[in-house]
Number of protein chains: 2
Amino acid sequence: MYEIFQKYLEEKSELTPEESERIQSFAIIKKLRKRQYLLQEGDVWKYDAFITQGCVRTYTVDEKGSEHVNSFSIENWWTGDRESLMMQQPSRFNIDAIEDTELVLFTHENFELLCREIPAFNNMVNMILQRSFIAAQNRIQASLTLTAEEKYLNFVNKYPGFASRIPQTMIASYLGMTPETLSRIRKQTAKK
Amino acid sequence: MYEIFQKYLEEKSELTPEESERIQSFAIIKKLRKRQYLLQEGDVWKYDAFITQGCVRTYTVDEKGSEHVNSFSIENWWTGDRESLMMQQPSRFNIDAIEDTELVLFTHENFELLCREIPAFNNMVNMILQRSFIAAQNRIQASLTLTAEEKYLNFVNKYPGFASRIPQTMIASYLGMTPETLSRIRKQTAKK
DNA sequence: GTAAAAACTTGATATAGATCAAGAGTTTGG
DNA sequence: CCAAACTCTTGATCTATATCAAGTTTTTAC
């Protein structure tokens, strides 16, 4: 499944064949079965991780034991806990697979080496980070301004396809509402 | 007031005197009176902006005319609308001064030139972006998991000093609650 | 210095969404 | 293929926070 990542690289950056090979030489392929953890709360995250197939969720668990989904990541996206990675501190998050999933991992040292060695790779990484930041800003804005129903419609509209492969309970959590509320919203909007 | 920015650069990166001068040669000093706009909804944002003194807020206005504060930025922080800048599209945000404010601006072309010319500058910029992204993630997490009271305490704790210089109405909006609710929370927590 | 405009507080009431509970479907793993 | 474990739905009730309204305090601008 490395080809998926290869294709992504070709689309997002201009690399010489040597650079491509150099990148591949550091790649670690990892497979996760459904429900398997990629990261557990308390562990320090040490990778840059790209999903070539499948879907994972990043979430916290509060004192009452309820889960709060922070994000979903599917094929052609990155995942991980940047804060834990950068600060070298234990993560507050769990990441596990919603479906059987395949990833390409780089240890952060290797990843940084690649960034230093290959300017085109570094630029790509920065571009992705910018987009992630913009997406996070938009999510904050949505959470401040939208009603529960609007949040759901916005989500479906922004990420078509997610709604069908991710359990409603998790989507509700991601949107900051209970599963019951989401169920009722879906019933209502179906009518229209 | 350029010295403030100069000092920031020295702290956050290692630049040769020539590089420092090169950066300064592109800097535009801008002053804003309280209430003055830095960016208005519908305009395309074209700068990278660093605040050397004062405080601005970034917010949207919904159909009903209510304002929703997306962020505050004070001295030694950056401000602007990254989405508008990157996509070259009209901004959904307004940015205006809460206090008399002084900024250092770079047109984005010059800023990108500096990033290409000066690797240490580029690295600094990426580092800042990473931190911004992490902060945004944490804010999302807080909005999903905390009660109104916890959100306020978290805010005060994370940004001590903000609470005293920013009107409560705006803080309430930033935290996603009404001014009345914030007023009651403050009354309660004062008791304890 | 003073009038007008903002900002904040407090009380009464309304409401979106949460919680609790129980039944119906659906998926999973041996 | 079947039992156990999830997942989703629906109804009844509750609650945190919003809304509306009016008074008080603080800030602003001439």
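Throughout, protein chains are lettered first and strands after them, A, B, ... in sequence-line order, and every chain is numbered starting at 1.
To the nearest angstrom, C1' of C/dT19 lies 16 Å from CE of A/M177. Following rounding to the nearest Å, B/R186 (CZ) and D/dT25 (P) show an atom-to-atom distance of 17 Å. Going from atom NZ of A/K151 over to atom P of C/dA16 covers 14 Å, rounded to whole Å. At whole-Å resolution of the value, CD1 in A/I98 and P in C/dT28 are 13 Å apart. C/dC8 atom P lies 11 Å from atom OH of B/Y152, rounded to whole Å. Distance B/L182 CG to C/dA7 C1': 12 Å, rounded to the nearest Å. Rounded to a whole Å, the CG atom of A/L146 is 15 Å from the C1' atom of C/dG17. B/L175 has its CG atom 12 Å from the P atom of D/dT17, to the nearest Å.
Residue A/E180 has its side chain nearest to D/dT10 when only D/dT10, D/dA18, D/dC8 are considered. The side chain of A/R35 sits closest to C/dG29 out of D/dT9, C/dT9, C/dG29. Candidate nucleotides D/dC8, C/dC8, C/dA18 were compared by shortest atom distance to the side chain of B/P167, and C/dC8 ranks first.
Looking at B/R184, its side chain comes within 3.5 Å of the base of D/dT19 through a donor and an acceptor atom.
B/E99 and B/R165 are joined by a salt bridge, as a carboxylate oxygen and a charged side-chain nitrogen come within less than 4.0 angstrom of each other. Salt-bridge annotation for B/E41 and B/R92: absent, with no side-chain N of the basic residue lying under 4.0 Å from a carboxylate O of the acidic one. Under the 4.0 Å criterion applied to side-chain N and carboxylate O atoms, B/D96 and B/R57 are assigned as salt-bridge partners.
Residue contacts shown for A/K34 are limited to sugar-phosphate atoms, with no base heavy atom under 4.0 Å away.
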### Task
Verify ring pair (Phe, Tyr, Trp, His ring centres under 6.0 Å) between B/F106 and B/F50, making sure each step is shown before the conclusion.
CA-CA 9 Å; B/F106 298 89; B/F50 180 87; 9.1 Å; no
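For the pair B/T181 and A/T169, both in contact range of DNA chain D, the more 5′-proximal nearest nucleotide belongs to A/T169.
Residue B/T178 has no polar side-chain atom (N or O) positioned under 4.0 Å from OP1 or OP2 of D/dT17. Using a 4.0 Å cut-off, no side-chain N or O of A/K187 falls inside it from OP1 or OP2 of D/dT9. In this model, the phosphate group of D/dT9 is approached by a side-chain N or O of A/Q168 to a distance below 4.0 Å at OP1 or OP2.
Side-chain contact of B/N70 with A/Q141: a donor-acceptor pair under 3.5 Å is present, judged by distance alone.
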